[in-house]
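Reading through the structure tokens given below for one structure.
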Number of protein chains: 2
Amino acid sequence: MEATLSVIGGRWKGVVLFQLLKGKKRFGELRRHLPNCTQRMLTLQLRELEEDGLVKRTVFPEVPPRVEYELTPFGHTLESILVGMREWGEKYKTRL
Amino acid sequence: MEATLSVIGGRWKGVVLFQLLKGKKRFGELRRHLPNCTQRMLTLQLRELEEDGLVKRTVFPEVPPRVEYELTPFGHTLESILVGMREWGEKYKTRL
DNA sequence: CAGCATCCCCATGGATACTG
DNA sequence: CAGTATCCATGGGGATGCTG
């Protein structure tokens, strides 16, 4: 339980992971999906997810720069939990 | 997603909720199951869970005092998520 | 037994500005 | 575009002691 929370418990990690469930996303795309998350925090959370091996970061040596984020196979093992959390929140958010 | 994390995202909430899935527990019992959680933190986390309507607190007017905690029906709606998180953690904790 | 009261620290996270 | 770099505020959480 503590292990799981250490991985998805960050302020924005759940949302980021859920977005990436849908497929690869560029940094800017993620930003648009997390309007309340600062650029700095998005970077930090992504770095932590990368360190935990849940997210893969790919840098394309282009100008302007392009960076894509995607779930690793390990990241995908969280899928059912993420979907469950998302559904629970959707269903009960008004009760909080 | 954010709603769900706001409810189970606390440092000890997941563990507390998981313990209560098994049934009613007294304060002291919970403490023994969370040896790394201070008494103060356990109290605080329980109060928050109570405020969110996930946990019911029953005080028995006895000497010495007895207080029991149990999941509300609303709390039980988290069951599948909690079990999922617990299983994921058990399976992958060594990878972290 | 099951707590509250205090004091305190530091990690988490926010705001803003700058850059290859 | 996709970040760093800095500075700063908040509050989550710890240690300790007291109590009905």
Side-chain angles (χ1 to χ4, degrees), chain A residues 1-20 22-52 54-71 96, chain B residues 1-20 22-52 54-71 96:
Chain A
M1 204 72 201
E2 297 179 62
T4 307
L5 276 177
S6 76
V7 154
I8 60 174
R11 178 80 181 77
W12 304 103
K13 287 185 184 177
V15 192
V16 170
L17 289 170
F18 189 76
Q19 289 301 324
L20 293 180
K22 303 173 191 166
K24 277 178 204 182
K25 288 219 161 27
R26 297 182 57 169
F27 186 79
E29 284 183 274
L30 287 172
R31 279 205 74 187
R32 284 187 285 283
H33 284 291
L34 288 95
N36 297 324
C37 178
T38 62
Q39 194 176 37
R40 183 184 114 94
M41 283 316 301
L42 181 54
T43 301
L44 289 176
Q45 303 274 296
L46 282 166
R47 290 293 179 285
E48 289 185 21
L49 292 171
E50 209 188 336
E51 273 182 44
D52 287 335
L54 301 170
V55 164
K56 182 182 165 201
R57 178 172 179 263
T58 310
V59 183
F60 295 86
E62 305 171 354
V63 178
R66 180 160 63 104
V67 179
E68 282 184 354
Y69 293 91
E70 61 187 315
L71 289 188
L96 307 175
Chain B
M1 202 72 200
E2 296 180 64
T4 307
L5 276 176
S6 76
V7 155
I8 60 174
R11 178 80 181 76
W12 304 102
K13 288 185 184 175
V15 193
V16 170
L17 290 171
F18 189 77
Q19 289 301 323
L20 292 180
K22 302 173 191 166
K24 278 179 203 179
K25 288 218 159 32
R26 297 183 57 171
F27 187 79
E29 285 182 272
L30 286 173
R31 280 205 73 188
R32 284 189 284 282
H33 284 291
L34 288 95
N36 298 325
C37 178
T38 62
Q39 193 176 37
R40 182 184 115 93
M41 283 316 301
L42 180 54
T43 300
L44 290 177
Q45 302 273 296
L46 282 166
R47 289 296 178 282
E48 291 186 20
L49 292 171
E50 209 187 336
E51 272 181 46
D52 286 335
L54 300 170
V55 164
K56 183 181 165 204
R57 177 171 180 263
T58 309
V59 182
F60 295 86
E62 306 171 355
V63 178
R66 179 160 63 104
V67 179
E68 283 184 353
Y69 293 91
E70 61 187 312
L71 289 189
L96 307 175

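Predicted, not measured: the structure shown is a model, and the values here were computed from it. Reminder, nothing fancy here: chain letters follow the sequence lines and each chain counts from 1.
- A straight line from CG of L42(B) to P of dG3(C) spans 8 Å, rounded to a whole angstrom.
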| remark: Under a 4.0 Å heavy-atom criterion, the protein footprint on nucleotides 15-20 of chain C, written with B, S and -, is B----B

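- Within the nucleic acid shown, E29(B) has no heavy atom closer than 4.0 Å to any nucleic acid atom.
- Shown here are the side chain to side chain contact (heavy atoms under 4.5 Å, CB included) partners of Q45(B), two or more places apart in sequence or in another chain: W12(B), K13(B), M41(B).
- Rounding to whole angstrom units, OH of residue Y69(B) and P of dA2(C) are separated by 9 Å.
- Contacts of K56(B) classified as side chain to side chain contact (heavy atoms under 4.5 Å, CB included), with partners at least two apart in sequence or in another chain: T58(B), E70(B), T72(B).
- Put simply, chain A comes within 4.0 Å of DNA chain D, heavy atom to any atom, from dC1(D) to dT6(D), going 5' to 3'.
- As a whole-Å value, the separation of L46(B) CG from dA2(C) P is 11 Å.
- Remark: P of dC4(C) and CD of Q45(B) are 14 Å apart, rounded to the nearest angstrom.
- Over its length, the helix from dC1(C)-dG20(D) to dG20(C)-dC1(D) turns its helix axis by 60°, as judged from the five terminal pairs at each end, rounded to 10°.
- In this view, E29(A) satisfies the salt bridge (charged side-chain N to carboxylate O under 4.0 Å, His left out) rule with no residue, not counting sequence neighbours.
- Listed by chain and residue number, R47(A), E50(A), V59(A), V67(A), Y69(A) satisfy the side chain to side chain contact (heavy atoms under 4.5 Å, CB included) test with R57(A) (two or more places apart in sequence, or in another chain).
- Closest to the side chain of V67(B), from the set dC1(C), dG13(C), dA2(C), is dA2(C).
- For residues 3-13 of chain B, proximity to DNA chain C is found at no residue, defined as any non-hydrogen atom under 4.0 angstrom from a strand atom.
- Within the structure, the side-chain hydrogen bond (donor to acceptor under 3.5 Å, both in side chains) test picks out no pair touching residues 35-44 of chain B (sequence neighbours left out).
- Nucleic acid contact class of E48(B) (heavy atoms, under 4.0 Å, all strands): none.
- Partners of E51(A) by side chain to side chain contact (heavy atoms under 4.5 Å, CB included), not counting sequence neighbours: none found.
- Following rounding to the nearest Å, R47(A) (CZ) and dT12(C) (P) show an atom-to-atom distance of 16 Å.
- We find that CG of L34(B) is positioned 15 Å from C1' of dA2(C), with the value rounded to whole Å.
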